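Each remark here refers to the structure printed beneath this line.
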Number of protein chains: 2
Amino acid sequence: MPGELDRLDIKILDRLQIDASESSSEIADRVGLSQSPCWRRMQRLKDEGYVRHTVAILDREKFGESMFIFAQLKMSRLSDEDRDRFVHAIEAIPEILEAYTLFGELDVMLKVLAPNIGWYQNFTFRTLLRLPGVEDVRSTATLSELKCTHRLPLPSLPA
Amino acid sequence: MPGELDRLDIKILDRLQIDASESSSEIADRVGLSQSPCWRRMQRLKDEGYVRHTVAILDREKFGESMFIFAQLKMSRLSDEDRDRFVHAIEAIPEILEAYTLFGELDVMLKVLAPNIGWYQNFTFRTLLRLPGVEDVRSTATLSELKCTHRLPLPSLPA
DNA sequence: TATGAAAAGATAATCCC
DNA sequence: GGGATTATCTTTTCATA
């Protein structure tokens, strides 16, 4: 609901998703406000949930080799209870960074961070295929990262 | 290279990727240090590039309906120059949040944030298929998000 | 070399206009 | 929303082990 946001709010949010370590006065300068109203807006935007959290993005290459692998899962029909078990299991596996339900033939897409292909092979057989309801796994391994941002395209409000 | 990191560094990095808005004294408490050595470690970890940046993660549901779509591209053989043009084009499109080169039959995986399917259909024909070298696009639309984190699994160092 | 205490500086948070 | 003030946190310095 961007109906409650004006252009200054949008600018502030965009600054925050580019660099959340800037001070409220720096952001105030950039968006054309003075420190206290800018700080009040930042506070309100956090309180109202526009900002989910503030995190450090680490350089994964610093921790040795690793690769993202996209895994598409074919699922059997699940009871609500099994579906919950499945979601909780995914939550508990730190190498699964993202999970989405899908349109179409396959049912779930996972983004997995694997140290190497050997690790992933074990992971497929010993973890993924043992999750509740998982019938089949189709995997796509990545070679290199061309782009990776967390900056959402924000609405550019009219006058 | 985690060889230069001890367990305290790892704990600090993990706290930062969970919540980078905590003060150095809060983090110091959590990892069992006093404020200034903890601050110095945080500083060093940033200087040495373990922290790429600090960002606010926004709640995309607050900005109206949107969906992630994974697009797999089949590319023609590209000259180095065309490859650069392709990468720069991707950089400049804000709705493309991530891009990876792939093993296997298809060549590139994109993660696209689309307001709706209609927008994505236009985007496919008017943008993706006109990028340098793109011959074919195979798309997988997501229905809902089961998990989304940016927390990397960090090595748990032995004694 | 690393730590902790403490001072100096910057920023966040509140008040009043 | 802006300006000024106070509270809090960051950053530097210094003494210590």
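Each chain gets a letter, A, B and so on, in the order its sequence line appears, and its residues count up from 1. Every value quoted in this text rests on a predicted model; they were computed, and no experiment measured them.
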Say you draw a straight line from OG1 of B/Thr127 to CD1 of B/Ile90; how long is it, rounded to the nearest 0.5 Å? 11.5 Å
Closest non-hydrogen atom pair, A/Pro132 against A/Phe86: O-CD1, 3.6 Å
Given D/dG2, C/dA12, C/dG4, identify the nucleotide with an atom nearest to the side chain of B/Pro37. C/dG4
Nearest-Å distance, CG (B/Asp47) to P (D/dT10)? 16 Å
Given 3.5 Å as the limit, does a donor-acceptor pair link the side chain of B/Lys147 with the main chain of A/Tyr100, or not? no
Nearest-angstrom distance from the residue atom CZ of A/Arg44 to P of C/dT14: 16 Å
Strictly below 4.0 Å: does B/Ser34 bring a side-chain N or O up to OP1 or OP2 of C/dT3? no
Without decimals, in angstroms, what is the distance between B/Asp6 CG and C/dT1 P? 16 Å
Between atom CG in A/Asp29 and atom C1' in D/dG1, what is the gap in whole Å? 15 Å
Is the shortest side-chain N/O distance from B/Trp39 to OP1 or OP2 of D/dT11 below 4.0 Å? yes
Is there a donor-acceptor pair closer than 3.5 Å between any side-chain N or O of B/Arg60 and the backbone N or O of B/Ser66? yes
Looking at the base of D/dG1, is there any donor atom on it, or on the side chain of A/Arg41, that sits under 3.5 Å from an acceptor on the other one? no
The nucleotide from D/dG1, D/dT10, C/dA13 with an atom nearest the side chain of B/Ser25 is D/dT10
Once you round it to whole Å, what is the distance between P of C/dT1 and CG of B/Leu33? 19 Å
Could you tell me the separation between the CG atom of A/Leu8 and the C1' atom of D/dG1, rounded to a whole number of Å? 10 Å
Can you say whether the rings of B/Phe123 and B/Trp119 are parallel (under 30°), tilted (30 to 60°) or perpendicular (over 60°)? parallel
Could you pick out which residue, A/Ser23 or A/Arg40, lies toward the 5' side of DNA chain C when each is mapped onto its nearest nucleotide? A/Ser23
Give the nucleotide from the list D/dC9, C/dT3, D/dT12 with an atom nearest to the side chain of B/Ser36. D/dT12
Rounded off to whole Å, could you give me the CD-to-C1' distance for the B/Gln35 and C/dG9 pair? 13 Å
Counting only distance, no hydrogens or angles, is the base of C/dA12 paired donor-acceptor with the side chain of A/Gln43 under 3.5 Å? no
